[in-house]
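Before any comments, here is the structure.
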Amino acid sequence: MYTKKRVVAMLLAGGQGSRLYALTKNVAKPAVPYGGKYRLIDFPLSNCTNSGIDTVGVLTQYQPLVLNEYIGNGQPWDLDKMNGGVHVLPPYETQAGASWYEGTANAIYQNMRFIERYDPEYVVVLGGDHIYKMDYSKMVDFHVANDADCTISVIDVPKAEASRFGIMICDDQNQVTDFVEKPKEPKSTLASMGIYVFTWEKLRKYLIENENEANAKRDKGEPWSKDFGKDIITSMLRDKQRLFAYEFEGYWKDVGTLDSLWEANMDLLSPSVPLDLYDPSWKIYSRNSNMPPQYVGDNANIENSMISEGSTIDGTVDFSILFSGVTIEAGATVNYSIIMPGTVIKSGAVVEYAIVGSDSVIESHARVGSSPEMIENRDDWGIAVVGHNVTVSADKVVEPKQIIGENI
Amino acid sequence: MYTKKRVVAMLLAGGQGSRLYALTKNVAKPAVPYGGKYRLIDFPLSNCTNSGIDTVGVLTQYQPLVLNEYIGNGQPWDLDKMNGGVHVLPPYETQAGASWYEGTANAIYQNMRFIERYDPEYVVVLGGDHIYKMDYSKMVDFHVANDADCTISVIDVPKAEASRFGIMICDDQNQVTDFVEKPKEPKSTLASMGIYVFTWEKLRKYLIENENEANAKRDKGEPWSKDFGKDIITSMLRDKQRLFAYEFEGYWKDVGTLDSLWEANMDLLSPSVPLDLYDPSWKIYSRNSNMPPQYVGDNANIENSMISEGSTIDGTVDFSILFSGVTIEAGATVNYSIIMPGTVIKSGAVVEYAIVGSDSVIESHARVGSSPEMIENRDDWGIAVVGHNVTVSADKVVEPKQIIGENI
Amino acid sequence: MSVNYNVLGLVFASMHDAYVSELTKQRTMGSIPFGGRYRLIDFPLSNFVHSGVSEVGVITKSNYGSLLDHLGSGRDWDLARKKGGLHLLPPYSQTGGIYKGRLDALNNIWGFVEHSNAKYVIMSNCDVVTTINFNPVLKQHMENEADITFVYSRGVYDYEKNKCTTVLEFDGDNRLKDVLVDPQFSGECNIWLEMCIITKDFLKKIVSDAASRNQFSFTREILQGRRDDFKIMGYKHDGFFTKIDSIQDYYLANRMLLDPEKKNALFRKDMPVLTKIGDNGPVKYGLESNIKDSLIADGCIIEGTVINSILFRAVKVGKDSVVKDCVLLQGTKVGENCSISSVIADKNVEISNEKVLTGSETYPLYIGKGGKI
Amino acid sequence: MSVNYNVLGLVFASMHDAYVSELTKQRTMGSIPFGGRYRLIDFPLSNFVHSGVSEVGVITKSNYGSLLDHLGSGRDWDLARKKGGLHLLPPYSQTGGIYKGRLDALNNIWGFVEHSNAKYVIMSNCDVVTTINFNPVLKQHMENEADITFVYSRGVYDYEKNKCTTVLEFDGDNRLKDVLVDPQFSGECNIWLEMCIITKDFLKKIVSDAASRNQFSFTREILQGRRDDFKIMGYKHDGFFTKIDSIQDYYLANRMLLDPEKKNALFRKDMPVLTKIGDNGPVKYGLESNIKDSLIADGCIIEGTVINSILFRAVKVGKDSVVKDCVLLQGTKVGENCSISSVIADKNVEISNEKVLTGSETYPLYIGKGGKI
């Protein structure tokens, strides 16, 4: 029934994304909208397809309905395969009982049977909340060429920011000699991107060991964890396995916070940012909304923005990203903002430096956010956020930095 | 994104099927093989397709991997739809926390959002472990014609067996006046088939009420349940809702036990049993195994049997059902038995009145089961069962009634 | 139920190709691009799908390569089905020749119709653009026990302008009284939307009758010749429609969509028009872009001014260029500092910097596929 | 990786139709049923898919309705893809005519090849049945930096029996020395399996050269005419193969599968042959059935005796009938008390009760599609 696959990818989509909470109330983080028509998970899934990887397991237990429906049979990403394809893997019950995933390593451990069906030589482990275009097949080639047990993709970050990341220390052959999570005094600027290639045989061994060790600790009442980066990588380093760093050059953005989500969107409007969504040789696939082309009315004034299909624009839009089915009425103004699918900005409303979730309504003459120039004390300034399905009533104000999850 | 559907079906596939345990160790009960090339769930899914119902939710939490992979995108049953289609719905985590399904009513309650997407007028509730061919659209028409709140399909059973079923008492207009689970002295012979049509609005109301009442009882430490047949139907009867019985005439078989599973298979070999798997107007769809046609060798001796593709038969097969990829070596004998996919019966082995699970091996001169004529005391006789992936070594004997889950 | 196996849909994808010869040079009627991201065949297919019809045959004549490419497996219309689904019926059949008329075409593909379990057949052309739910039509057809039910709309017919238009007259019981093809008058009348429901048994009879008499034309032989022998009824459709019977008309029909009322009647939320997925990025507007009263499809990159125009997918408009009253098909590239107005640019036209192109409202300038100016 | 976007597969589905004219009357080579449940095109398609090739063009000539029907969306071969996928390339192209030779066909569909991002093209006919993984062939082709790599097998060629067979000769370095079409000798030699790998840039060159010179034949113009100008290499394939070049040969090729060794070489577990799903029930054997040495496909219902035969899907054999040395295609119905031997029955043949039909091993009796006896 299942024929062999050289490479299987496992996508850790688990997170609730609590730092994005206004936008992840009913959806898992990888389903958060981005870039006018995408969701975060479109990037790793499209990368898999474009890299020739056609077998992907998506591990999730938080609000999988939206993600499940969104991924569906995988057809939008060309991952609807008879043999292989994309499969959402939720937690399940066995004769021994039911258990939720207890950490990222445990999630993969519980789904070893899925992997073994395809008898792979290599397993690629991915996250679901980064924006980047990457050919994983080149990373696998690098892994094979180095006869590595594990290869971790890294990106060179500014020294000042290095302490926010997991930092890899390598020798001059790119072999990893040490790994420090968020070091205070970083010895290197190579940050882990959370993308791993493993020789499956090795990963399998360490998953089983970690599971058993953690359970033993738990039985003794000791602290334990079943975490991928923390436990598996550390154990492999301890055992002097061959770990290599694969340096990635290109655009890569972590969108773990509301600020970084806003920034990553704004990056698309900057001509200097090297992320091309219009390259036919490396398409970013997405589930299509089947809407007619956008209609721009007589009173519209659009500059330097990205707008998606099904929208109706009759107001002013500047430096903004508008998703599908958005309505901007005549006399409304949207600047430096992200407006998610189906949201309506009514006449006279002003939205600036803000993220507005999907299917929300900003009523007439309401105001969401403000430009930094208008704020006396810069510390009081930040992105304003309105969640999904929220109405901001007429004349109400959402201040900079404010996060609104319910109607006001 | 979602357009309206008149009817949505919810398939309760939950059960571990503990009475089938040797065959449900790693698979949910609806994934148990039946009839040479099918699995139990093929019947309700094919019935849905043939009835024009194209939106089906499958509720499961026990070992969903096999079921999940089996159902996949629903293509084998023509249920791979952009709008609608079949969706496996596992339990999930929300911001309020994670919870497993607490009964069949709770399983549907937890997935009300799935149903409401399609804004249906009627919801059909199905089980996953019955063999029958039924046009649900006619039952929905009957429901509509009666202006019913709930319609329950019933089958007339012999009076002697009525006490094994949930029995419906009806007036002469087919309206249900009472419902008794396994009555000692049945007042009617109309047994519930576990197939319901609900007006969605009504079902919704009772699901929410039952959930709240059961939670209130639990909080007070009282006994509670969230069961579909037991709680929802009972409450609706109590409230004098319009419940109707829809009488089904045709083949219907519950396969909840190993004996009934064996019988239901043997039924296919009886010319008097009205279950036609070769009717092109009501195909039973199944996921195909892509194997070459079966090869029958020089020494074969096959009579009155059903055999599936990919098998190699060089022995004696009589009154038996053989699934795909089965090998019967020259000199092996299989009588009155069911041999599941990929199993090998070696030369000199004898299998009689038995069920042998998939990918098992019966070595040379082993014996599994026996005909009732060979047993002195009839109480000692019964079907012998060998589970999946089990080897019965050369010359070993599996006695009638014996159930083997591990290699012997 | 949600799927109606009782109905078979038939799309005539190559009817009236000759009237828009500019656009059908390398394609057929059904594959003509329309409305920014659609092809004409998307409308009948979506109408079928939203009416629960899941078995559809597409009858083509020539030049159907682009149609084959557009339709693919039928997946984008949810018609990649085991039971039913989308079937392309190539023009060359047993007899070897190309279909002559509608009846001849039906005779040639009869095996496909016969094989279906449907009781009713809905036939639709591609040259009328409208959004319609066939279920009420079917209901009326069944209640009337009609042989054929014609779908028509009230509309203004202009003898000077309109071509290949069939005008229907009904009696007080909605029964067909007269059929006029391109009649010599102008004014409001019942215009056939080139769609009808026929009971399959009846269709079989007229197709085999026609074959044995070597008759080809549905309109002439059946509607005009024998209308009194059969029970032929009418169904009035009230939504927006437009019929494309010339390149001028094609130009106007596209630009009609700039009227929000018409646009919303065609693109209903409950019956979205389905089409092949393109995976284009969102529209990108540059620093000095200026857009008014236009329909812009995904994948466009606009640096200049666009007024009163329809831009299909992946059109590029360079800096300081002005595009006015235009219909630019997929992949058109307009350079910098151009001024183009009343132009129809077919696929992948390239207009280099500084060009000025001016057509008129009544005679728009048409630039052929891949043209470089 | 698992998918190899570097390779484009091209299937010539209508090559050599004329040699099996009985079977290609209503179909083309690629849609000839074979081996109980397959069509010949299943073998090249499965070979491509299992080699990671996911972009495949199918080049047809005439009678391709049955092929269109068999292939559908390509889904059963996992080729219903957005990136690549299965593309049927109809025979009528810009120029209007039907393809004359392989080079002419390639020239006509060149737009499709050009559009692909692949660097290598694998071409395969449908008249050779074998199971092969193209990855080692590709590896050798790349290592050799060859222009073309031909796939051949050692086999016995018989001048009297075999037709349209190309025999290849190589020098010590595996470089093509000579090409003989239907040579006048018999014996073991290198038989071309009608498959080759060509570097796309090179293919483009020879196709456009040939077009400008009005040349059509790949074998004559390129292989025979210019073999020394190019680096043409051989790859020896060791698995089972059979070439179908007559109805007799078709009969033998099917019955070869009764040899378990040959069957297992063709139907490998790691490379299952993919085909259209039929959703038939299991084979049902009656109370007095008697089967020896036969291949029986799903959906058959057997009440009588079947010996040394191939039964395709949904064949019925009535009580007390004997079927011996036969190849019965899909839907054949044999009544009661019949005796038929050495018969090829095409699709849906009906043989009524009490009939006796006897062909011979060398001249099997062929009954055309839908025949009633």
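In what follows, chains carry the letters A, B, and so on, assigned in the order in which the sequence lines appear, proteins first and then strands, with residues in each chain numbered from 1.
Atom CG in D:N280 sits 10.0 Å away from atom OG in B:S308 (nearest 0.5 Å). Separation of atoms CG (D:D76) and CG (B:N288) is listed at 8.5 Å; rounding is to 0.5 Å.
Per-residue heavy-atom pair counts under 4.5 Å with chain D were compared for B:G310, B:P76, B:G36, B:A300, and the maximum is reached by B:A300. In terms of heavy-atom pairs under 4.5 angstrom with chain B, the leader among D:N290, D:L311, D:L258 is D:L258. Per-residue counts of heavy-atom pairs under 4.5 Å with chain B were compared for D:A297, D:G286, D:G36, D:A314; the largest is that of D:G286. With chain D as the partner, the residue from B:V317, B:D298, B:T312, B:I313 showing the most heavy-atom pairs under 4.5 Å is B:D298.
With a 4.5 angstrom heavy-atom cutoff, D:F312 does not touch chain B via any of its atoms. Looking at D:D279, both its backbone and its side chain come within 4.5 Å of chain B, counting heavy atoms on both sides. Looking at D:I301, the atoms closer than 4.5 Å to chain B (heavy atoms on both sides) all sit in the side chain, from C-beta outward. Neither the backbone nor the side chain of B:I321 comes within less than 4.5 Å of any heavy atom in chain D. Contacts of B:D42 with chain D are absent, with no heavy-atom separation under 4.5 Å from either backbone or side chain. Neither the backbone nor the side chain of D:K269 comes within contact range of chain B, judged by heavy atoms closer than 4.5 Å. Contacts of B:K37 with chain D are made by both backbone and side-chain atoms, with heavy-atom separations under 4.5 Å. For D:R313, no part lies under 4.5 angstrom from a heavy atom of chain B. Contacts of D:V283 with chain B are made by both backbone and side-chain atoms, with heavy-atom separations under 4.5 Å.
Looking at D:Y285 and B:N304, their side chains never come closer than 4.5 Å, going by heavy atoms from C-beta outward.
Of the possible polar contacts, one joining the D:D298 side chain to the B:E309 backbone as a donor-acceptor pair under 3.5 Å is found. In this structure, the side chain of B:Y278 engages the main chain of D:P282 through a donor-acceptor pair within 3.5 Å.
In this structure, D:K292 does not pair ionically with B:D314, as no charged nitrogen and carboxylate oxygen lie closer than 4.0 Å.
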Verify side chain to side chain contact (heavy atoms under 4.5 Å, CB included) between B:V296 and D:D293, making sure each step is shown before the conclusion.
CA-CA 5 Å; B:V296 181; D:D293 206 17; over 6 Å; no
